[in-house]
Amino acid sequence: MPVHNHEIAERFTRLANLLEIEGENPYRVRAYRNAARTIGGLSANIADLVSEEQDLTRYPGIGKDLAAKIRTLVRSGELPDLTETEERVPTELSDLMVIEGLGPKGVRALYKKLNVDSLEDLEEAARAGRIHEVERFGEKTEKAILEEIEKIRSGGKKRTRLADAEEVARPLVAYLAEAEGVEAIEVAGSFRRRKETVGDLDILASCGDSGPVMERFVTHEDVTEVVSRGSTRSTVRLSSGMDVDLRAIHGRSYGAALHYFTGSQAHNIAVRQRGLERGYKVNEYGIFAHDRDEEPVAGATEEEVYGRVDLPWIPPELREDRGEIQAAEKGALPRLVTRKALRGDLHAHTNATDGADSLRDMARAAAEAGHEYLAITDHSKRVSMAHGLDADRLRRQGEEIDRLNEELNGITLLKGSEVDILEDGRLDLPDDVLAGLDVTVCSIHYRFNLPRDKQTDRIIRAMDNPHFRILGHPSGRAINEREPFELDMERLVEAAAERHCALEVNAQPARLDLRDMDCMLARERGAKLVLSTDAHNTYNLGLLGYAVDQARRGWAEAGDVINTRGLEDLRALLRRG
DNA sequence: GCCGTTTTCGGCCCGACTGTTTTCAGTCG
């Protein structure tokens, strides 16, 4: 029986794929896809909402019909529409849709003509040269299909972590900016929305003549393949495996193009819909009054574009069609937290445990980063792999911190610990030791696989300890490596709010944990956030911006984040009432 | 199948590029 949101989303995506292959009404297909997207991006657990008999139609894209189907699916484990559809078309056809260049029409044709209904069949047919004999298929397509299958078999096609994408994007943009005629250039797409992972990079350049920049792009030394090439758009594959799109546009269209290519797609559709309601056609070249398509009425800046549909400019991090348009309409957009608003970092390690640098070096680097305070939170003893500190070593570290604080100017070191939450919910250090600390970051490093209720109870029991201040990397996920552990995030967030415990947004590129949607949930339920680096060396202190990104995607304002406070306010907050 | 400061019916975003074609369908973002 499917319990997880992503399993429910997967069923609806499969249903959408199969119906599309059958040639069903495309709007009905889209409705299923939209529902899958909504469900996949939901913080609350759908199965819980169903058992609590909550109204599912309050979620976008879910109407009476779909709400009933979801209830049936959760209760019986079956989606009758999917079962019926699978009696008519092989369910594996849905898997073929992941092949790039192969859409519903192509899958249908190959099934009808060659009886291809699995990845294995497809590979065999391609190798035997039977694909290019089918109408509208040629030798190139056949070859591309084989290459795609190869890629899937070798496990490729993962999305790239934001920080990894950044490493590729920054130098590439600098390189392209030197092309003749480039007036402005920036990365759009999910990168600009600061999503935790990006599929490919969308770079937008404004210029008069696109020739030079396109030429410079496709001849970059890291390019292994030019996937497509045109005067306004080209796509290349880099040696890192990432795909990059470059779009060239005239300056008068720059804002419209930036808006268009920043997305998300769902946000764009909503904005364009508003355009239509006001008699405008919105595309990447500008906003056009209907019936006349010569000159755009707006388009040089994003502000103009939003202005024409009667909205204020919306920050890219919010453009996910998660209510930002309604909020903008009411003038109720959040004033998102910024990197500059942060006064310090509340999670850092030293070479006393698994960090690389000394207390003194960490302090100096934090001062250079402009921090007012830095909490030293080395591991507790349970994390033996990292030489976790016992009570005695922690006490000695505290004395060293006292000495350094006497000596340092402009930065205060806070005494802390990243205390392990043990399996039974106790903390890994005695209460009298914890009582002597300024801050505790309480985290799980062992037993990730407890059942959902047990894991949730474990953390909440730990929060009952009055020395519990901050829940470190709450979901435990590692992007592209480890799924978050099973948690009732709603119950957890509510428990944190009641007990005045803060939730960490960990800036480590592989963590970014809390996730954006959980930040949103925390904000809704009144739980405070902390944006921290979990630095293991001095350079890591510079990662803080990644935590800011995720918090912004979760609509967080400075007031939702405790490390926007000055030291005295912060100390008061950490006392937990 | 969803959705509604024009609507409970009749709409539903829009353009570029490719491959396979001689004018365009399919796919993608």
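Bear in mind the structure is a predicted one, so any value in this text is a computation, not a measurement. These values consider heavy atoms only, across backbone and side chains, with no hydrogens, waters or symmetry-generated copies. In what follows, chains are A, B, ... by sequence order, proteins preceding strands, each numbered from 1.
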For B:dT21 versus B:dG26, give the span between their P atoms, rounded off to a whole number of Å.
-> 13 Å
Near DNA chain B, which residues from [range] have a heavy atom under 4.0 Å away?
range                       : result
residues 184-203 of chain A : none
residues 314-333 of chain A : none
residues 112-130 of chain A : none
residues 246-268 of chain A : A:Arg247, A:Tyr260, A:Gln265
residues 48-61 of chain A   : A:Pro60, A:Gly61

Atom pairs under 3.5 Å, N or O on each side, protein against nucleotides 6-12 of chain B: can you list them with distances?
none

Taking atom CD of A:Glu53 as the centre, report whether more than 12 heavy atoms of other residues, nucleotides or ligands fall under 6.0 Å from it.
->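 Check fails, neighbour count at 12 or below.
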Give, for atom CZ of A:Arg252 and atom OH of A:Tyr285, the distance between the pair rounded to the nearest 0.5 Å.
->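 A:Arg252 CZ to A:Tyr285 OH: 10.5 Å, rounded to 0.5 Å.
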Please report, rounded to the nearest Å, how far the [atom2] atom of [N] is from the [atom1] atom of [X].
X        : N      : atom1 : atom2 : answer
A:Leu204 : B:dA16 : CG    : P     : 14 Å
A:Glu284 : B:dC14 : CD    : P     : 11 Å
A:Asp243 : B:dT18 : CG    : C1'   : 15 Å

Can you tell me the Watson-Crick or wobble partner of B:dG19, both distances under 3.5 angstrom?
->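 Its partner is B:dC24 (Watson-Crick or G-U wobble, both distances under 3.5 Å).
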Touch check for [X], heavy atoms < 4.0 angstrom, all strands: base, sugar-phosphate only, or nothing?
X        : result
A:Pro104 : sugar-phosphate
A:Lys69  : sugar-phosphate
A:Val29  : nothing

Show your working on side chain to side chain contact (heavy atoms under 4.5 Å, CB included) between A:Arg33 and A:Glu20 and close with a plain yes or no.
-> CA-CA 11 Å; A:Arg33 283 199 209 292; A:Glu20 199 174 21; 2.3 Å; yes
Do NZ/NE/NH1/NH2 and the carboxylate oxygens of A:Glu148 and A:Lys151 come within less than 4.0 Å?
->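 Judged by the 4.0 Å cut-off on N to carboxylate O distance, A:Glu148 and A:Lys151 do form a salt bridge.
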Geometric cation-pi criterion A:Arg30 and A:Tyr32, 6.0 Å radius, 45° cone = no
